[in-house]
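Only one structure is covered here, and it is reproduced in the block below.
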Amino acid sequence: MMKSKADEEDYWNSSKFKAFTFDDEDDEFSRLKESKRAVNSIRCLVEEDDDEEEVEKVSWSGEPVGSISWSVSETAASNQKTDREPAFPKINTDTVTISKSHSGYSLSSLFKALSDSSVRLYAPELRKPKSEYKDYVSDWSPEETVQRMQQGKVVSLERFRSLQDKLLLLDYAVTAHDGNVITAVLIYLKRTLSKEVLFRELESRQTALRHLIHYLTETRDQRLLLELFRALGRMEDVALLQYKEHLSIADENKRRDFLKSCLSLPFSPEDSSHVQDHYTLLERQIIIETTDRQAERGGKVEVFQKFPRKASILNMPLITTLYYCCFYHYNESEGTFSGPLNIRQTFKISEKQYFVTALAARAKLKSWSDVDALFTSRNWLGFTRKKSPLSFQRVVDILQKNSAPTQVLQDYVALVDDAELRISLAQKYKCHDIVINTYRDLKDRQQLIGYRGKVERGSTEEKKIEELLNNTQIRWKN
């Protein structure tokens, strides 16, 4: 059935579909403007003073306060805070999803999200009963407090304000024999008591005093430690503590001057001699170092050219200094500062210590004539013999570590008194003549025959063994 022209015009004018025009404002932009006007109308209602100058408020994120996106952000932020603030209602927005196309364009989408039935509201959590805070607020006695500290529980020492309570707390800590508890109590007393009172009370509590000294030493509180020693009248400890300050002085001349100033401190007789030796040694080292540095740069001293110095002698121990002088200045006279004999006499080094150091230094240089001279001694008849303050076994070990040749080792292996040890060392270092002569002296034919199989065929050692075995004048024991 055909429609009339008037009906067609009515249809097109009454239809919900409209043709596109450039002047059409019923689009997303127009809806956004409507939402903005709605928000602005709400803000006008809550403003108290209409005459006040309008200032746009902006949140930390840069979004205008009161905008739709700001409202959604604030809602999400308040939900995250509920874990830390249990007294406020907790809104779970995990199930609330606001589509991107609606979240920033209209109030209806926001109100719909907040009124969604899936949103769960939690009642505020009630404050814990006072009994559960007993560990923190109860009126514990000093003994109970110490027991709880031993158990690792949280306690507050601030409630112990009187001197009597503080000393009781310290006494119970000492009785418990727990160093950590004693130290914790001492730290509290150090903070809350005057130094005079603390030092006076600790004088009669030696265990606690030792813990405080150890604590101050570990924390390097030198100032308070000095005051403590002075208050207790421990002047030797004061002197030693001041003497240790030389370790922080890098310049050798300033360190020497500081050590010189320490000589007047009230040390014990034994400590006083050590400090005097320390000062004298450093003074001697500065002189030797200056001289040797110039000689090394000059290139005229042979020993410095063959064996260049690897380190400075400054601040080295006494034995290291002696070794250095035996290495580079062995033949100098006793009157020179760098002469080994002068070092030995000045610092009263024992014969055995000097012998070991000189032997190691000369063996390192492969100066075997100097090594031999160390052992040579003369009696009143003029006869010479080898004598050593060390066992010859140790002498052989020192020479072997410095790669001494077999001929040199053999001379000292032969001086070992015990026959079995002498044979063992001779076999270890291949000193065949020592083994053969020892078996000959023991008249042990069987051992000599057995050892014949260990030497090279046709060698001098094998011929020597054959001569001994064929010698009818030796009365063998087997």
Taking atom types as modelled, is there a side-chain donor on [X] or [Y] under 3.5 Å from an acceptor on the other?
X: Thr280; Y: Glu283; value: no
X: Ser273; Y: Asp277; value: no
X: Arg440; Y: Asn471; value: no
X: Asp372; Y: Ser369; value: no

Report, one line per pair, each donor and acceptor closer than 3.5 Å where one atom sits in a side chain of residues 421-429; sequence neighbours left out.
residue, atom, partner, partner atom, Å
Arg422, NE, Thr438, OG1, 3.3
Arg422, NH1, Val416, O, 2.6
Arg422, NH1, Asp417, O, 3.2
Tyr429, OH, Asp397, OD1, 3.3

Using a 3.5 Å cut-off and no angle test, enumerate the donor-acceptor pairs between side-chain atoms of residues 265-272 and protein atoms at least two apart in sequence or in another chain.
residue, atom, partner, partner atom, Å
Ser268, OG, Asp271, N, 3.3
Ser268, OG, Asp271, OD2, 3.1

Atom pairs and distances, side-chain donor-acceptor, residues 400-411, under 3.5 Å, sequence neighbours left out:
residue, atom, partner, partner atom, Å
Asn402, ND2, Ile398, O, 2.8

| Stepwise, does the side-chain hydrogen bond (donor to acceptor under 3.5 Å, both in side chains) test hold for Asp221 with Tyr215? | CA-CA 9 Å; Asp221 193 344; Tyr215 170 74; over 6 Å; no
| task | Tell me, please, which residues at least two apart from Arg362 pass salt bridge (charged side-chain N to carboxylate O under 4.0 Å, His left out). | result |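 Salt bridge (charged side-chain N to carboxylate O under 4.0 Å, His left out) list for Arg362, sorted by chain: Asp370.
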| request: List in chain and number order the residues that pass salt bridge (charged side-chain N to carboxylate O under 4.0 Å, His left out) with Arg309, two or more places apart in sequence or in another chain; answer none if no residue qualifies. | output: Glu289, Glu296
Salt-bridge contact [X]-[Y] (side-chain N to carboxylate O under 4.0 Å):
X: Arg148; Y: Glu144; result: no
X: Glu196; Y: Arg200; result: no
X: Lys463; Y: Glu467; result: no
X: Asp171; Y: Arg205; result: yes

| Any Thr192 side-chain heavy atom under 4.5 Å of Arg161 side chain |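 No, too far: nothing below the 4.5 Å cut-off.
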| field | Shortest non-hydrogen contact from Leu209 toward Leu202 | value | CB-O, 3.7 Å
| field | Geometric cation-pi criterion Arg344 and Tyr354, 6.0 Å radius, 45° cone | value |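 Yes - Arg344 lies over the ring of Tyr354, closer than 6.0 Å to its centre and within 45° of its axis.
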| request: State which residue, out of Thr321, Thr290, Thr320, Asn315, fulfils the side-chain hydrogen bond (donor to acceptor under 3.5 Å, both in side chains) condition with Gln285. | output: Thr321
| request: Only pairs at least two apart or in different chains count here, so list each side chain to side chain donor-acceptor pair (under 3.5 Å) that has a residue in residues 240-251. | output: Gln222-Glu245, Tyr243-His278
| query | Should we count CZ of Arg191 as having more than 12 external heavy atoms under 6.0 Å? | reply |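 Counting other residues, nucleotides and ligands, CZ of Arg191 exceeds 12 neighbours.
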| Phe160 ring center near Tyr188 ring center (under 6.0 Å) |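 No, ring centres 6.0 Å or more apart.
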| task | On the 0 to 90° scale, with breaks at 30° and 60°, tag the Tyr328-Phe304 ring pair as parallel, tilted or perpendicular. | result |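 Plane angle under 30°, so parallel.
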